[in-house]
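Working notes for the structure below.
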2 protein chains.
Amino acid sequence: MATAERQTAAEGIRLTPVRRRALEILLESHRAMGACEVLERLSQDGFGNQPPVAYRALDFLVEHGLAHRIQRLNAYAACHAPGQPHAPVFLICRGCDKVAETGTDSLRGALDDLARASDFTIERMAVEALGLCPACRAAEDAS
Amino acid sequence: MATAERQTAAEGIRLTPVRRRALEILLESHRAMGACEVLERLSQDGFGNQPPVAYRALDFLVEHGLAHRIQRLNAYAACHAPGQPHAPVFLICRGCDKVAETGTDSLRGALDDLARASDFTIERMAVEALGLCPACRAAEDAS
DNA sequence: CATTGACTTGTTATTCTATAACATAAATAA
DNA sequence: TTATTTATGTTATAGAATAACAAGTCAATG
Ligand SMILES: [Zn+2]
Ligand SMILES: [Zn+2]
Ligand SMILES: [Zn+2]
Ligand SMILES: [Zn+2]
């Protein structure tokens with residue numbers, strides 16, 4: 001949160017009340033949340049209760065690297081490393097729905113090479129893996 | 001299409017009329033199509049005209065590697081290399097909405113390393129990059 | 001200070017996407 | 001044949017996302 005404030009101040013963009021609260025909600029939950037779920041929390045706090053209110057706040061956070069969108073789940077999660085440029089990888093467990101944000105430099109390099117080779121300008125990317133976390137795999141193996 | 005027939009026959013799974021037609025539709029269009037768009041085409045050919053008809057056929061194709069789902073676009077595209085295991089990368093142009101399927105072994109390796117390190121079992125993955133194709137970048141630079 | 005223009009928030013209404021639940025039909029296995 | 005599975009179709013509902021408009025805020029300019 002402090003990082004987010006420093007960053008938005010530095011970039012001269014406005015972390016307004018709704019946006020700030022939306023980020024707090026994502027940070028507090030420690031998991032990926034759907035837009036409608038975020039909207040519900042926002043409206044409880046006195047903000048608007050119509051879809052665009054949540055979508056705009058979340059779009060802003062994603063736009064400025066403060067949150068990520070998990071396409072596969074139609075959900076959003078706060079970024080673990082805002083500011084710092086990275087190619088995040090989301091490991092999504094189909095057993096318990098937990099999402100882990102990770103990433104490696106070698107992956108980043110591989111994607112950069114690919115973009116260069118195809119002359120495609122990559123502006124944003126999403127790497128999402130669906131599978132089983134250690135706990136859920138153990139549970140599945142046991143059954 | 002011939003590849004798909006050989007593969008389904010070999011695996012003992014059924015490429016039924018709806019599924020076959022759905023794949024043909026994806027192949028004919030040469031682009032990513034939304035489920036509702038596919039449904040429309042299917043119903044024109046005498047198949048059911050309710051959402052589940054399209055979703056089930058598309059799920060089958062994805063399940064068996066005959067098509068990919070482009071999460072960011074909520075759309076589906078026929079696979080360029082069915083049968084052959086690969087970690088596809090989709091380059092999605094935000095200018096013209098075209099989708100290119102590509103991929104590299106180094107990327108595949110980087111993801112495998114990551115999975116091993118985190119003890120996460122990857123079952124399926126999606127790598128999607130949003131940006132500009134050469135043509136659209138040229139157009140944007142000119143303006 | 002007053003006004004302009006950019007940005008932000010809120011609301012209404014609509015569209016697109018996806019799934020649950022059930023009934024019927026076809027294919028496969030016993 | 002009979003039972004079991006698999007696939008198809010329909011109805012109804014839930015969930016996600018956007019378009020379009022109105023109103024408010026804010027900083028800057030004259
Ligand atoms: Zn991040
Ligand atoms: Zn799990
Ligand atoms: Zn493919
Ligand atoms: Zn383009």
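Values below: all heavy atoms of this structure, side chains included; hydrogens, waters and symmetry mates excluded. Chain letters run A, B, ... following the sequence lines, proteins first and then strands; every chain starts at 1.
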| query | Within a strict 4.5 Å, meaning less than it, do heavy atoms of the Thr8(B) and Arg14(B) side chains meet? | reply | no
| When you match Asn74(B) and Val53(B) each to their closest nucleotide on DNA chain D, which lands nearer the 5' end? | Val53(B)
| message | Please report the distance, rounded to the nearest Å, between CD in Gln71(A) and C1' in dG15(D). | response | 16 Å
| remark: Rounded to whole Å, the CZ-P distance (Arg72(B) to dA17(D)) equals 12 Å
| field | Whole-Å distance separating the OH atom of Tyr55(A) from the P atom of dA19(D) | value | 13 Å
| message | Treating Gln7(B) as the side-chain partner and His64(B) as the backbone partner, does any N or O pair qualify as donor plus acceptor under 3.5 Å? | response | yes
| Nucleotide nearest Tyr76(B) (side chain, heavy atoms from C-beta), chosen from dA18(C), dA17(D), dG9(D) | dA18(C)
| Between Leu61(B) (CG) and dA7(D) (C1'), how many Å, whole number? | 14 Å
| note | Of dA20(D), dG9(D), dA18(C), the nucleotide closest to the side chain of Arg56(A) is dA20(D)
| Counting only N and O atoms by type, is there a donor-acceptor contact under 3.5 Å from the side chain of Glu128(B) to the main-chain atoms of Ile70(B)? | no
| task | Please check the phosphate of dA7(D) (OP1 and OP2 only) for any side-chain N or O of Arg19(B) closer than 4.0 Å. | result | yes
| said: Without decimals, in angstroms, what is the distance between Arg21(B) CZ and dT8(D) P? | reply: 15 Å
| OP1 or OP2 of dT11(C) sitting under 4.0 Å from any side-chain N/O of Asn49(A)? | yes
| query | Just by modelled atom types, is the Val62(B) backbone N or O under 3.5 Å from a matching donor or acceptor in the Arg69(B) side chain? | reply | no
| How would you label the contact of Arg69(A) with the nucleic acid (heavy atoms, under 4.0 Å): base, sugar-phosphate, or nothing? | sugar-phosphate
| remark: Separation of dT8(D) atom C1' from Asp59(B) atom CG, nearest Å, is 14 Å
| said: Tell me which residues in residues 36-48 of chain A lie within less than 4.0 Å of DNA chain D, going by non-hydrogen atoms. | reply: Cys36(A)
| Rounded distance (Å) that lies between atom C1' of dA16(D) and atom CG of Leu73(A) | 13 Å
| request: Would you kindly give the CD-to-C1' distance between Gln50(B) and dC16(C), to the nearest whole Å? | output: 15 Å
| message | Base, sugar-phosphate or nothing for Arg14(A)? Non-hydrogen atoms, less than 4.0 Å. | response | sugar-phosphate
| Pro52(A) side-chain proximity, nearest of dT12(C), dT9(C), dA17(D) | dT12(C)
| field | Gln71(B) side chain vs Ala126(B) backbone, donor-acceptor pair below 3.5 Å | value | no
| said: I'd like to know if the side chain of Glu101(B) and the backbone of His80(B) have a donor-acceptor N/O pair within less than 3.5 Å. | reply: yes
| said: Using modelled atom types and a 3.5 Å cut-off, is there a donor and acceptor pairing between side-chain atoms of Glu123(B) and backbone atoms of Leu130(A)? | reply: no
